[in-house]
Structure formats: C-alpha cells, structure tokens
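Throughout, protein chains are lettered first and strands after them, A, B, ... in sequence-line order, and every chain is numbered starting at 1. We use all heavy atoms of the structure for the numbers below, so side chains are in, but hydrogens, waters and symmetry mates are not.
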Protein chains: 4
Amino acid sequence: MGHSIRTYSKDDELVAARREEIARNVARVFVKKGYDRTSVREIVDACGMSTGTLYHYVGSKEDILYLVINHGLSIYTDFFEETAVDLDTISPTDALVCAIREFYQRLDKFQDFTVFIYQETKNLQSSARQSVLDAERRLVRIFERLLTRGCEVGEFKIDNVTLVAHDIVVVAEMWAVRRWFLRKCCTLEEYTRHHIDSFLKCISPTHFTEGYTS
Amino acid sequence: MGHSIRTYSKDDELVAARREEIARNVARVFVKKGYDRTSVREIVDACGMSTGTLYHYVGSKEDILYLVINHGLSIYTDFFEETAVDLDTISPTDALVCAIREFYQRLDKFQDFTVFIYQETKNLQSSARQSVLDAERRLVRIFERLLTRGCEVGEFKIDNVTLVAHDIVVVAEMWAVRRWFLRKCCTLEEYTRHHIDSFLKCISPTHFTEGYTS
Amino acid sequence: MGHSIRTYSKDDELVAARREEIARNVARVFVKKGYDRTSVREIVDACGMSTGTLYHYVGSKEDILYLVINHGLSIYTDFFEETAVDLDTISPTDALVCAIREFYQRLDKFQDFTVFIYQETKNLQSSARQSVLDAERRLVRIFERLLTRGCEVGEFKIDNVTLVAHDIVVVAEMWAVRRWFLRKCCTLEEYTRHHIDSFLKCISPTHFTEGYTS
Amino acid sequence: MGHSIRTYSKDDELVAARREEIARNVARVFVKKGYDRTSVREIVDACGMSTGTLYHYVGSKEDILYLVINHGLSIYTDFFEETAVDLDTISPTDALVCAIREFYQRLDKFQDFTVFIYQETKNLQSSARQSVLDAERRLVRIFERLLTRGCEVGEFKIDNVTLVAHDIVVVAEMWAVRRWFLRKCCTLEEYTRHHIDSFLKCISPTHFTEGYTS
DNA sequence: CATGAATGAGGTTTCATTCAT
DNA sequence: TATGAATGAAACCTCATTCAT
C-alpha cells in the first residue's frame, strides 16, 4: 500500500525484516541530526550494515526517510487500533477523555518522532508523502468516530466534528513540537487536563452560547 | 541583539541594507525548496549578487537562514506591535476577537513562512535559534496581555493565561502548517469563527464547569 | 584454443553448454547497451541464472565479453566454412561474386554484432583479443583463397591479394558500422553491386592501366 | 552549434580556453584507456585541475567525451577546409589524388583519434552524437565536391558520387582502425597507392565495363 | 567594494565479486 | 551444483567557502 521501494531481493520476509531493522536503527539518528544532515555513511554505521547491503533493500536515501517516518507513525497508529475497541463499552465522554489521555501520554513518549515528522515530511516525494498524510488522517478519524458517537447519543453537540477531532490531534502533537515553550509553562498533566476541560466545554450541549459573530 | 553575524564591511547601514535585500530575495527560494536543498549558487542567483559579495555581508549559509527566518517573523511581529495599541480602547472581548481575526488573516497571507519556520528552525545553531524562539514568545505575550486585561476587569476567567495565549497562536499557525488537511475541511472564516467561539467558551466566567477530573 | 576461462566445474560438457547459453542470452544485451554499461546484474537477469552460478562457469565479467564476441564471430565464420566448399566448382569470378553476395547479406543480418565487435574488441585483454583477431583473419583468408585461385587461372590480376581480400571484408563490415550514413545513400543491393563492380574492375586483367604514380 | 554544454562561468572566452585545454589533455588518456575506463579522478589529474574546476566548465563526464571527440575531428576537418582551396586550380584527377594522399597521411598521424572515435561515438547521447556524425558527413562532402567537379568536366564517370566519396573516407579510416592487420600487409605508401589506383580505375570514363549483374 | 574562478572534501549510489548456506 | 545476501572500494558529481584580481 502507498509507496513502493526498490529492492534487489526477492525474499519478501527478509526485505520486511531488514527494513524494519533499518527504520529502527536510523530513527534515532534522523531525529537527532535531521534527515538532510545525516549522511549515508552515518546511516550504515547506525545499522551495522555495509553500504551495499543497505542499497540491497532500499532504493535511495529518501526511501529510508519514508521508512523511518512510517515506523514512527505506526508506533501510535497501531496502538490506537488496538485500544480503540474497548472505548465502545463506556460512555462517549469517558471514552473521549480516556482516549485523549492515552493519546497525549503516548505522544509524550514519542516526542522526538512527532517533531521529526513535522520537520521532515516535506522532504518526501509526492507518493511517499501522501501515504504519510493518510496515516495522519486515520489518526484524526479515530477521534471523529468517538465524537460522532457522542453526538448521536446527545452527549455532545458539535458543528464541525472533523475540525474538533483535528484540534485534539494537533494539540497533542504540539506538546511535542512546542516543548521548548510548553515545558516552562505546565506539566503534561496540567496540559492534558486543561485541554480536556476546554474540549468538553466546547462540545457540551448544556453550555449556552449565543455564538460570537463579528 | 540576539545573534551576531560576521561581515567584512564597516558601513553598518550598507550591511543592514544588503542583509535586508538578501533576506527578501532568498525567502521565496527557501520557502519553496527548503534550506538544506538550496545551494549557495541558487542563493546568489536569487539575490543577483556574486558569491564574494554575499560572503562579504554574511558569514555562512546558516546566517542567511537566520536572516530569512527573522525577516519572516518580523512580517507579523511588526504588524502586531503597530495595531496592538488601538486594542486598548475597546472591551477585552472585542479586542481579543479583533486581534485573533487580524492575526489569523495575517498568517493566512504568510502561510509559506509559517510552514518554513516550523520546518527549519531546528537547523539554526543555538544562539540563532534562541532569538527566533524569542520572537515567537513575544507573539504569545501579545495575547497574554489581552487575556490578562480581560481577567482583571472580570470579563475572562482563566487558570493558565499563558497556555491559552499559546493555544491562540498555535491554532493560527496550524492553519498554515496543516493546510493539506484543513483546506478540505473548512474555510478560513469558518476556522476562525470556530476557534473564536471555542476560546470564548473556555475563558468565559459565566460558564459553570465542575472541571472534569479523570 | 586461444583463451582459457576459469571454472569451478569439472563437467566439461556442462561448462560448454552453460557458456553457450550465457553467450546467446547476453549477446542481445551487450549489443544494445555496450559492454561497460551492462552490469553483472543485468547479465544474470538476461541469463535467468544467479550470480553464483554465473561465476561458477566464468571467471570474470570480461570472460563473458570474450564468449559473446566469439559467439558473434562464429555466426558468420561457421557459415562460410560450410558454403565455401561449393564455390570450388564454379568459375573464380562467379565464386567471388557469389561469396561476396552471401557475405554481405549475412552481415546485413548480423549488423549489431559487427558494430559491437568494432566497438568492444579493444576491451579484451591481450590473449582474448588475439583469438578474436584470429577469427577476423580467417575471414580474410577465405577471400584470399578465392582471389588466389582466380589469379592462378588468369581470371584475375592482383598485386596484393591480401589487401584486396581485406578490403572485401572491410567494405562488408562498413555496411553495418556506417549504417547511419549508408542507409540514406543506397540499398544493400546497390551497395553490394557497386562494390562487386569496383572489385572486378580492379582485379580484371583486361583492364589496362598505366598505374598512377604521384 | 550542435550540442550545448553546461557551465557555471559567464566568460565565454575562458570557457572555450578551458575546454580546449581539457580536450587536449584528456584526449591522450581516453585514447589509451577508453572512455568508460577512465575515471573522473584520472581526468582531473591529466588536466592538472581540481574536480570542482572541471565541473565548472563541463556538465558531466560525457560532455568531456564530446569535447575530446570534437577536438579529434577538428584536427583533420580544419585542415581540409584550409587546403581544399588550392585543389580547385589543378585537374580533378590531380586534385583527387592529392587530396587522398594528404588525407591518408593526416589520418596516419592521428590514428589513435580515429580508432577512438570509431569506438566511443556510441557512448554519446543523441544530440552530441549527431554533431559528431555531422562532422563525418562534412568530411565525405569534401570528396564529393572533388568527384562532382571531375564528372562535370568529363574526367570521371560515377553512378553514385556519395558512395565513392564515402569509400574514400572509410578506407582512410580503416588504415587506423585495422592497423593490427594492415601493418603486416603493406606500408602506408603501398596502401595509399593501391587505393588511389583502385578508385581511379573505378571512376575512369575510358574503362569499359558491362557491369556485372548477378 | 565587488567579482567569480578555484578548491577538494564529502555527498549518494553502483559495481564486480565472494562465500556461507 | 546452485543460490543471492553481503561487501566496501570506487564511481560521478555538488557543495560551501576562499582569495586573487
């Protein structure tokens, strides 16, 4: 799916394993030094491979960027596709709060990745970039579903569900991206609680607002 | 202030003029191709200067990144330092709404810059990066002041003023950074209105909330 | 005979078969892309072999060039050694004309090979090159014999038989090598007839010439 | 004219001088080792330049091949465009004989080049190759003109002037290309005389031939 | 002050060949 | 015998920067 990477090997399993290995090893280096500033020399050193072997499983340096970004995305995408099931058994509000908490904590763990993706996605060619953006869209959709369920049972009242879901995701990512600012401002717990409160206020149906129209 | 750049010239005015010229011309190229992928040759072509002249007024390629980013920041910082004055004469709520509207529209115009800054600040060395981050902080502070005034006169009720101000700025920047998502989701007007409503809900003192504690 | 190629196999027949297979398959690729620009990977792909197997029957990439060139030479050498027999039963002039016609038509069919040999023989190491040149020499000798017979029976009168025989071969090869020019100039039939006429004029004993001495 | 080569310099004269220098120095190496087997490292060593400087005046390794081939072609093309004038003042036969003699001697001097061009033209991309072939065509045309003049005054009688002119050029080039054979067969003087005689016989109007039709 | 030719280290990628399986 | 993963030297080319003019 998405983007196809050249290999000289015909053993699909081996290719997948080696690429996983590459992504895992290179991630650290890319996050630290940035993509453009990491040389292929440094990449192969980090992988403990020879140049030739690397290019056996990968068509170009950019393919490696793609692997690393996808590896990073999977870390939290995968997670959500697992836990999202349980959320159906509790009230929409509880589910939303729980999901946000989990998500924010998860992003806190993988801060470096989040920042990295924000900085390097631009360097991908169109097809590779599309599949990264798709992963982001799936992330938003997870929250969309939670919000929609809440609307259906009357617990939430939301004009633009997509926009709210998007905000939830973005605010989480900002905890990583803007850490240079936020760390001096509050703890993750405060940050999370503040935004959970904010989101709930905004989507609560009991809150009467005349709607500010400029 | 901030970061000092090497020059061989002793004519301060000329240096400033040339640097302004460089920043203005190179901005477009950097925004389009990214810093690392822009060669010094492309830089001098964009400036209509010779390499020698460029290095007469600038110590390194990275200095140019610093110039461009600062040039970009000034575009909206300066603006705000002008218009912020008038805002004192109207009610805090009106002032806030007005400021947000102006800010969001301004960022809409300079989307490319915003995205660029999000992507390239990491490439700056410590001292240069600090002065960029300072500019961002000043931006937040503008909204902090508006919010604080509102709190003082009882129009707003806010636990963490800095955090809200920061959110206002970040949400604006996301309109540029996440345009690939948001353009398909709503117009700038809808985006702005949605968030103004949200922010007002969250800081309104009349809204009673028990505070969701997980 | 000629040049010896390393193998790890002891089954001579298998070795010969495999080498024949290699030459046949790789010929097309070499003719199209040139020797230096064809990678070993492309060679094994063309052969449907693994790298390991290839190097089992061949010592180096250059050995393959040798195989291919010899394969190419055999295409027309073999042919001549078959048909040359019949030529003894007809008059020297008829035999010559017939041989030239056959030869020119044959080369027309294997143009690519001829061009290839002109371009790549230089890449062979000394011993391999010698055996290629030997094949060319045998080709010339075929015509030498025809011419000599004609001289003996008084049908031809030639100062330097070798030189004329060599010209006959070279002119044929030029039809392939200089096709970019000759195709726009005449058909194969015209080309052949023109040169048969020329050769006959030059070797005819009835033609009186004082010999141009500068 | 013909093929355009990238340069970073704007000083046309300097570019021409440097390229001339490159062609002159690299020619020897290319002729000796072949194009593909000569590394850029060896090229810059032969030129006494740094890599950077080389690529200042040339876009790629292949451009250098183009320069060298053109340099080689000019050696005899230029020559002819000078001497061809005088030939108009003598009889067509004398002019032809004289031109052939000069040409064959000239090619003898630049054997290496001739061989090189036969082997490497294939490596040029289309546009560059075209302009090399054009130079060859101009060479043929020189002899075409001489032959045509002879026909007009009745000294020659030729069916296909172009083909004869082409033969004259090709036979000359073969003296270089097939030296491995011809050196053992005759001297340049013998080779030249033999072919002058042959050509004159073939184009002489007094020689009666019924035309051999198979 | 302004120019742009010169530098050579370092960039990414390909290559022919080996050898453990 | 047959395989193809692994190697790392060497390929071509670009780069930011300097300095003589």
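For dA20(E), the paired nucleotide is dT3(F), the pair qualifying as Watson-Crick or G-U wobble because both relevant distances are below 3.5 Å.
At dT3(E), one or more side-chain N or O atoms of Ser50(B) fall inside 4.0 Å of OP1 or OP2 (strictly under the cut-off). Considering only side-chain N and O atoms, His56(D) lies under 4.0 angstrom from the phosphate OP1 or OP2 of dA5(E).
Under 4.0 Å is where a charged nitrogen must lie from a carboxylate oxygen, and between Glu62(D) and Arg129(D) no such pair does. Here Arg6(A) does not pair with Asp63(A) in a salt bridge; the nearest charged N to carboxylate O distance is not below 4.0 Å. Under the 4.0 Å criterion applied to side-chain N and carboxylate O atoms, Lys32(D) and Glu42(D) are not assigned as salt-bridge partners.
In this structure, CG of Asp45(D) is placed 12 Å from P of dG8(E), rounded to the nearest angstrom. In this structure, Asp63(D) atom CG and dC13(F) atom P are separated by 9 Å, rounded to whole Å. The nearest whole Å value for the distance from the CZ atom in Arg19(B) to the P atom in dC1(E) is 13 Å. In this structure, the CD1 atom of Ile64(A) is 8 Å from the P atom of dT13(E), given to the nearest Å. Between Lys61(D) atom NZ and dA11(F) atom P there is a gap of 9 Å when expressed in whole angstrom units. We find that CD1 of Ile43(A) is positioned 14 Å from C1' of dG10(E), with the value rounded to whole Å. Separating the CG atom of Asp12(A) from the P atom of dG4(F) is a distance of 13 Å, rounded to the nearest angstrom. Rounded to whole Å, the distance from CG on Asp11(C) to C1' on dT1(F) is 11 Å.
No more than 12 heavy atoms of other residues, nucleotides or ligands shown are found within 6.0 angstrom of CZ on Arg41(A).
Each of Glu42(B) and Gly48(A) was assigned the nucleotide of DNA chain F with the nearest heavy atom; the assignment lying further toward the 5' end belongs to Gly48(A). Nearest-nucleotide positions on DNA chain F place Thr51(C) closer to the 5' end than the other of Asp36(B) and Thr51(C). Along DNA chain E, the nucleotide nearest Met49(B) and the nucleotide nearest Gly52(C) are compared for position; the residue whose nucleotide lies closer to the 5' end is Met49(B). Mapping Thr38(A) and Arg41(C) onto DNA chain E via the closest heavy atom, the residue that lands nearer the 5' end is Thr38(A).
Residue contacts shown for Arg6(D) are limited to sugar-phosphate atoms, with no base heavy atom under 4.0 Å away. Looking at heavy-atom distances under 4.0 Å, Arg37(A) makes no contact with the nucleic acid at all. Counting non-hydrogen atoms under 4.0 angstrom, Val40(D) reaches the backbone sugars and phosphates but no base.
The Arg18(B) side chain lies nearest to dA2(E) when the options are dA16(E), dA16(F), dA2(E). For Leu14(D), counting side-chain heavy atoms from C-beta on, the closest listed nucleotide (dC12(F), dA5(E), dT17(F)) is dA5(E). When distances are taken from the side chain of Tyr57(C) to each of dA5(E), dA2(F), dT17(E), the shortest belongs to dA2(F). Checking dT3(E), dT18(E), dA2(F) against the side-chain heavy atoms of Thr53(B) singles out dT3(E) as nearest. In this structure, of dT17(F), dT14(F), dA5(E), it is dT17(F) that holds the atom nearest to the side chain of Tyr55(B).
Ring pair Tyr118(A)/Tyr118(B) is tilted by interplanar angle, where 30° to 60° counts as tilted.
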When the side chains of residues 10-18 of chain D are checked against the rest of the protein, which donor-acceptor pairs come out under 3.5 Å, sequence neighbours left out?
residue	atom	partner	partner atom	Å
Asp11(D)	OD1	Glu13(D)	N	3.2
Asp11(D)	OD1	Leu14(D)	N	3.2
Arg18(D)	NH1	Glu21(D)	OE1	2.9

